[in-house]
Every structure is written in structure tokens, then in C-alpha cells.
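Heavy atoms only: backbone and side chains are in, while hydrogens, waters and symmetry mates are out.
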Amino acid sequence: MNNPIRLVIVDDHEIIRQTWRMILQKHDLVQVIADCASGAEAIDFARKEAPDVMLIDINMTPMNGFDTTRKITQLYPHIKIIGTSINNQPAYARKMMQSGAKGYVTKNSPAAEMIEALIVVSKGGTYICKEIHEKAEGRKIM
């Protein structure tokens, strides 16, 4: 992969956007081209700039991450979405994937796992973070 992954961070909390930008752009494989504070802003930016990947928070208002993801994947199917939330419930990840996302990471995911998710998803794969996998497997055992 010669060209960096053109990434947009979408979260309604500025401190989260700033933190992820700082962490993720340290890697040569990632170029954070923008951050958006709302679903509407993300949809507008997707139309104008066509990023490779968008990292979208689920719990935003007035348009949540599920609706934002559905809209972007319908209008711009070439843009890949990774959903993110503090919520580590497998059902949340499943709903995000059903909305059109290609990946899901929690806000507890370490930077290395975020980078791994970006690489896998940008190459056309799907990625669910280890925290969700472990929780889902734990439920099957019980």
C-alpha cells in the first residue's frame, strides 16, 4: 500500500476527534484529511472529498451513527465505514455492520488495533475488535 488511507473522523465530541487525529496521523499509513462533528457534516464531506475510510461514532445527535452510515453507504458505496462507540455490546456492532459498516472498534481499542482495523477495512475486509469478539464468545460459553 503506497498511498496512505484517507481518513475522516466523525464524532460529536471535539476532544475525541482531536485525540484520534493525534494518535492516528502518527502512522505513515494514515492521512487524517478531516474531522466532522455531525452526521450531516460527514455526509456532506463524503460527497465533496470521497475519503477512503470514515470512522463514525454511533452516539451522535441529531443523526446517529447508524443512520449516518446507512446514508453514506447508499450514496457512496466506495467509502468504507468503521463504527465506533464506548458500547462494547456485540448487538451494537452487529447493528452497525447491518447498517453498512465494514468494521467496528470500541473507544477502548488500543491504537495498534485501530490501525489494524483501518488497514483491513481499506483493503476490502471486515474487522470487529477483540473486545467485542471476546464478549460474544463469553456469551456462547455461558
Side-chain angles (χ1 to χ4, degrees), residues 1-140:
M1 180 184 284
N2 298 340
N3 296 331
I5 299 162
R6 296 173 67 247
L7 175 68
V8 174
I9 299 166
V10 184
D11 195 295
D12 56 353
H13 293 97
E14 186 176 357
I15 190 78
I16 299 287
R17 294 192 312 271
Q18 289 174 351
T19 302
W20 280 347
R21 177 184 282 271
M22 186 181 70
I23 292 167
L24 297 174
Q25 71 185 11
K26 285 181 182 176
H27 296 268
D28 294 340
L29 296 175
V30 179
Q31 177 188 8
V32 179
I33 61 170
D35 58 78
C36 301
S38 69
E41 194 180 327
I43 292 164
D44 190 48
F45 192 86
R47 178 181 59 78
K48 291 177 185 167
E49 298 294 328
D52 300 319
V53 179
M54 297 182 90
L55 187 62
I56 299 181
D57 181 36
I58 292 174
N59 296 313
M60 296 186 295
T61 58
M63 183 186 293
N64 66 37
F66 300 120
D67 294 338
T68 303
T69 297
R70 248 188 305 281
K71 188 88 169 166
I72 290 171
T73 56
Q74 285 169 357
L75 294 172
Y76 316 105
H78 57 283
I79 299 174
K80 295 168 179 75
I81 307 238
I82 298 174
T84 186
S85 176
I86 195 69
N87 189 315
N88 66 0
Q89 298 303 315
Y92 235 56
R94 191 168 27 261
K95 184 174 179 184
M96 193 63 177
M97 301 299 272
Q98 289 167 346
S99 297
K102 298 296 180 197
Y104 188 91
V105 293
T106 66
K107 291 184 179 179
N108 296 325
S109 298
E113 188 172 34
M114 295 285 249
I115 297 295
E116 183 181 353
L118 287 168
I119 292 168
V120 169
V121 168
S122 73
K123 290 181 176 179
T126 58
Y127 190 92
I128 303 289
C129 71
K130 291 168 183 62
E131 185 179 3
I132 297 288
H133 273 298
E134 289 168 5
K135 193 155 193 144
E137 287 171 12
R139 289 224 171 99
K140 289 176 194 164

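Between Glu116 and Lys130, at least one side-chain nitrogen of the basic residue sits less than 4.0 Å from a carboxylate oxygen of the acidic one, meeting the salt-bridge criterion. With respect to the salt-bridge test (charged N to carboxylate O, under 4.0 angstrom), the residues Lys123 and Asp52 do not qualify.
Within the 4.5 Å cutoff, no side-chain heavy atoms of Asn64 are placed close to those of Asn59. You'll find the side chain of Ile128 reaches within 4.5 Å of the side chain of Met97, heavy atoms only. Considering only heavy atoms from C-beta on, Glu131 comes within 4.5 Å of Asn108 through its side chain. By the 4.5 Å heavy-atom criterion applied to side chains, Ile33 and Val8 are counted as neighbours. In this structure, Phe66 and Gln98 have side chains that are not in contact, with every pair of non-hydrogen atoms separated by 4.5 Å or more.
Under the rule for a salt bridge (charged side-chain N to carboxylate O under 4.0 Å, His left out), the partners of Lys48 that lie at least two apart in sequence or sit in another chain are Asp44. Contacts of Asp35 classified as salt bridge (charged side-chain N to carboxylate O under 4.0 Å, His left out), with partners at least two apart in sequence or in another chain: Arg17, Arg21.
For Tyr76 and Phe45, the ring centers are positioned 6.0 Å apart or more.
Around NZ of Lys107, the count of heavy atoms belonging to other residues, nucleotides or ligands within 6.0 Å exceeds 12.
When only modelled atom types and interatomic distance are considered, Tyr104 and Asn87 share no side-chain donor-acceptor pair under 3.5 Å.
Of the possible donor and acceptor atoms, none in the side chain of Arg70 sits under 3.5 Å from a partner among the backbone N and O of Gly65. Not one N or O on the side chain of Ser109 forms a donor-acceptor pair closer than 3.5 Å with the backbone of Val105.
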